[in-house]
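The model shown is predicted, which means the values in this text are computed figures rather than measured ones. Quick note: numbers below take in every heavy atom, side chains included, and nothing from hydrogens, waters or symmetry partners.
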Amino acid sequence: QVQLVESGGGLVQAGGSLRLSCAASGRAFSNYAMGWFRQAPGKEREFVSTINWSNDNTYYADSVKGRFTISRDNAKNTVYLQMNNLKPEDTAAYYCAAGWRVTTNYFDPRRYSYWGQGTQVTVSS
């Protein structure tokens, strides 16, 4: 069992930055691919980024590539999402997710078994 707790959301002006954190409880954190997804009101949950469990390869949605950076600290059981040059269209609830040894289809939320409660990010224009 893995529990995930996100933090770091808030209100920021366009062009600003935020860093989200996701703290995981439970063992074997390093065996989980860790992903970030987001969901805006009235829209489906969408993939943002994932960091691989075995080699720390990272993957990003085209909409955030070059602006967001995902990283993990296995010693702290924590994954981060650094978000720079934020845009109003980045406004959403951001969710952290963990998938046991996920190696394919990182963008598919069904690959992840554990989810956090979400943290709200609001970007004003």
| message | Per the disulfide bond (SG atoms under 2.5 Å apart) rule, what does the pair list look like for residues 39-87, sequence neighbours excluded? | response | none
| field | Closest non-hydrogen atom pair, V2 against A24 | value | CG1-CB, 4.3 Å
| Quick one: ring-ring contact (aromatic ring centres under 6.0 Å, His included) partners of Y80, sequence neighbours excluded? | none
| Is the Y106-Y59 ring centre distance short of 6.0 angstrom? | yes
| task | Could I get the full list of side-chain hydrogen bond (donor to acceptor under 3.5 Å, both in side chains) partners for N105, not counting sequence neighbours? | result | none
| said: Holding to side chain to side chain contact (heavy atoms under 4.5 Å, CB included), I want the full list of residues that pass it with A23, two or more places apart in sequence or in another chain. | reply: T78
| Can you list the residues that meet the side chain to side chain contact (heavy atoms under 4.5 Å, CB included) rule with T122, with sequence neighbours excluded? | L11, T91, Q120
| query | Looking at residues at least two apart in the chain, or sitting in another chain, which of them share a salt bridge (Lys or Arg N to Asp or Glu O under 4.0 Å) with R45? | reply | none
| query | Taking only residues at least two apart or on different chains, which pairs with a member in residues 51-80 satisfy disulfide bond (SG atoms under 2.5 Å apart)? | reply | none
| task | Quick one: which residue pairs count as a salt bridge (charged side-chain N to carboxylate O under 4.0 Å, His left out) with a foot in residues 32-41, not counting sequence neighbours? | result | R38-E46, R38-D90
| request: Enter the distance from I70:CD1 to S49:OG here, rounded to the nearest 0.5 Å. | output: 3.5 Å
| remark: Residue pairs passing the side chain to side chain donor-acceptor pair (under 3.5 Å) test with at least one member in residues 11-29, sequence neighbours excluded, are S17-N84
| said: Taking the ring centre of each residue, are W100 and Y112 less than 6.0 Å apart? | reply: no
| said: For C22, is there any backbone N or O sitting under 3.5 Å from a side-chain donor or acceptor partner on E6? | reply: no
| Any side-chain heavy-atom pair of W36 and C96 under 4.5 Å | yes
| query | Should the pair F68 and Y94 be assigned to parallel (<30°), tilted (30 to 60°) or perpendicular (>60°) ring geometry? | reply | tilted
| Residues in side chain to side chain contact (heavy atoms under 4.5 Å, CB included) contact with T69, at least two apart in sequence or another chain | Y60, Q82
| request: Please report the C-alpha distance between D62 and K65 in whole Å, then the side-chain angles of each, then the deciding distance to 0.1 Å, and finally whether the salt bridge (Lys or Arg N to Asp or Glu O under 4.0 Å) criterion is met. | output: CA-CA 5 Å; D62 288 343; K65 202 170 293 184; 3.2 Å; yes
| With hydrophobic residues grouped by side-chain heavy-atom distances under 4.5 Å, do V64 and I51 end up in a single group? | yes
| task | State which residues pass salt bridge (Lys or Arg N to Asp or Glu O under 4.0 Å) with K43; sequence neighbours excluded, sorted by chain then number. | result | none
| R101 side chain to S54 main-chain N or O, any donor-acceptor pair under 3.5 Å? | no
| message | Hydrophobic clusters here meaning ILVMFWY residues chained together by side-chain heavy-atom distances under 4.5 Å, can you tell me if V102 and Y95 are in one? | response | yes
| said: Could you work out, with side chain to side chain contact (heavy atoms under 4.5 Å, CB included) as the rule, every residue matching A98, not counting sequence neighbours? | reply: L4, Y32, M34, Y114
